Protein chains: 2
Amino acid sequence: MSSRRRRSPERATLSDVAKSAGCSLMSASRALSQPERVSDALRERVMEAVRALGYVPHPAARSLASARSNLVAVIIPSLSNAVFVDTVEAIQRVLMPAGYELMIGVSHYRPEEDERLLRAYLAHQPAGLLVTGFERSDAAREVLGSYDSPIVTLMELSDAEEDYCVGFSQFDAGAQMTRHLLQRGYRHIAFAAAQLDPRTLQRAEGYRQAMREAGRHEPALELLTPAVSSIGLGAELLDQLLARHPEIDAVFFNNDDLALGALFRARQLALEVPQRLAIAGFNDLPAAAWMHPALTTVRTTRGRIGELAGQMLLSLMRGEQPPQRRIDVGFEVVMRDSA
Amino acid sequence: MSSRRRRSPERATLSDVAKSAGCSLMSASRALSQPERVSDALRERVMEAVRALGYVPHPAARSLASARSNLVAVIIPSLSNAVFVDTVEAIQRVLMPAGYELMIGVSHYRPEEDERLLRAYLAHQPAGLLVTGFERSDAAREVLGSYDSPIVTLMELSDAEEDYCVGFSQFDAGAQMTRHLLQRGYRHIAFAAAQLDPRTLQRAEGYRQAMREAGRHEPALELLTPAVSSIGLGAELLDQLLARHPEIDAVFFNNDDLALGALFRARQLALEVPQRLAIAGFNDLPAAAWMHPALTTVRTTRGRIGELAGQMLLSLMRGEQPPQRRIDVGFEVVMRDSA
DNA sequence: CTGAAAGCGCTTACAG
DNA sequence: CTGAAAGCGCTTACAG
């Protein structure tokens, strides 16, 4: 009934710590933030007081006073996609031990959401920012422009001098899988994709390029839908493809969820894979290798992407220049039994 | 080169807004936070200034001054488990439109991590907190005790008067699936589980109870491992079970990933499911219904859990008393073809 | 309905 | 190596 501010009864402040340690507020502050610039005795007393009082620094106060924070914002398009979960986990594994906290934002593949998240998160003055891909709305780009801490882009590669990025060429991956299929003798190779985010479209371009090179490009064999990716959708896309183009002998699905659904449907239809129809996916999710037939797909090293991007950001946040501005982690076409 | 603080060049403050709107700092503040308590003209001018200057409130300053924030912390054990992703997505869907931001923390099923996250997140003075389950370390419990904003617990149910929770009885779910298997005539029903988090152990207890009721409980048929759950692990657990107890005629796996792995392995071994061996899972992930044979499992409505928990927390943060302190969303045993 | 003052809990130059 | 003062950008009682 006495205190006018309703803060937790026992939350100790730095001033309490200083009092208890018998030093000034700012010596206490220094003992915590630059322990080496303070006498051993002082440091000991302060640490002891911190322990005794259960002192926890107030992030808002710290961030307000220093115009910095230990926050790192990460914007990804989805959490339902294991690819991004793996990436975020890896990022966390390198940033957390370094004392950073992650703010994870999910844009659901929507440019407006991307922009909203960017705006909200940057208001917190994060020490660093990790974003997915380079494409965004003009407004979002403007928001990014006014941000003056380091940014590292995940998943895609850029040749621009000012960009820091860790990823691989989505275009090349799409092209290379297509070439493998062509090499195996498939001639009427369809391409099926959902979500239609930038990376999907880059893979589609790769597919087109490879098909054109082989003189086999047929726009009608592309089935692109903005719907959310899922196993069920994969089954539906296969149905549509089969109904419209019975001549197809292979389908390259833009991700493993779709390919898995197609594999399941093929089984229901008693359609032999790969004899009657080859099926390929993208990402090499855990289930891919276990399917029967085992799924041919493109292995992407998203854990590695997260790890390297986290390390790159760490260097930048420390004011160091990382060894490379652009890391290509590559990909690997994994030919198994389904194609 | 002039300003001594390195804040973003153009970041406008509320004071800039006030100046531009020709009013006092605090009228500007009020126009934003309590628009109805201010004259229409003032509100208009302030909004106009906000727009013109691209003003974005400073979260740290706001939180420091008001001892509140628009942050809601969510602690879950894993993001690799689709169950928690679904839950978090649903939470976000109800909290975001209400103006809250989520801080998502992943404990990886480790009590120390749970405690560390709690400590770190509560330092930010979140307006509300969502945690998974009731079990935690004493230290973590103490941290929670000193937190004086609302807490809602996900996934589990409590009868304590002071707890707010949304979930279902993991014990009952474990027992009920086991009873269904017994009813179908299976007699040597093994139980296989990984991770060994509290909910897993509650399901195991349910299994035991049902087996005892049927006079069929055999401790040797329980295979519990602290290893991380995965498809591959499910296959391995099946191997072990088969090697040690060839007499088993059914296995109840603690989650769908494990069950999927077992289904895949059974196929490799040309082991007929469910004739030779029945297999059941838990959670009803998307792939479950597509498998061949389709997986018998327990459907959990984690989206609903997230939604209801989010709404309950919203009520509490508004100072209202929610209709119920404890919501049982139930579960459903889905008998398909694998058992 | 509007405003002047104090304060939230820290850090940052600047002195000593 | 240590300290007194100012200030980060807001909100909160309290007056008028």
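What you are looking at is a predicted structure, and each value in this text was computed from that prediction instead of being measured.
Between B:E36 and A:V56, the one whose closest nucleotide on DNA chain C sits nearer the 5' end is B:E36. Two residues, B:Q34 and B:A60, neighbour DNA chain D, and the one matched to the more 5' nucleotide by heavy-atom proximity is B:A60. Across the interface with DNA chain D, nearest-nucleotide mapping of B:Y55 and B:R30 shows B:Y55 to be the residue nearer the 5′ end.
Checking C:dA4, D:dC10, D:dT2 against the side-chain heavy atoms of B:R62 singles out D:dC10 as nearest. The side chain of A:M26 approaches D:dG3 more closely than any other nucleotide in the set D:dT2, C:dC10, D:dG3. With distances taken from any side-chain atom of A:S27 to the nucleotides D:dT2, D:dT11, D:dG9, the minimum falls on D:dT2. With distances taken from any side-chain atom of B:T13 to the nucleotides D:dT11, D:dG9, C:dG9, the minimum falls on D:dG9.
Among the atoms of the strands shown, only primed sugar atoms or phosphate atoms (P, OP1, OP2) are found under 4.0 Å from some heavy atom of B:L42.
A donor-acceptor contact closer than 3.5 angstrom links the side chains of A:S158 and A:D163.
Atom C1' of nucleotide D:dG3 and atom CZ of A:R45 are separated by 13 Å, given to the nearest angstrom. One interatomic measurement links the two molecules: CZ of A:R68 to C1' of C:dC10, which rounds to 12 Å at whole-angstrom precision.
Base pairing in DNA chain C yields stems of at least 3 consecutive Watson-Crick or G-U pairs, both distances under 3.5 Å, namely C:1-3 with D:14-16, C:5-12 with D:5-12, C:14-16 with D:1-3.
The side chain of B:S15 contributes no N or O atom lying less than 4.0 Å from OP1 or OP2 of D:dG9. Here A:S66 does not reach the OP1 or OP2 of D:dC8: none of its side-chain N or O atoms lies under 4.0 Å away.
You'll find the side chain of B:E101 reaches within 4.5 Å of the side chain of A:Y121, heavy atoms only.
Under a 3.5 Å cut-off, the side chain of B:R37 and the backbone N or O of B:R30 do not form any donor-acceptor pair.
Using a cut-off of 4.0 Å between Lys/Arg side-chain N and Asp/Glu carboxylate O, B:E115 and B:R119 are scored as salt-bridged.
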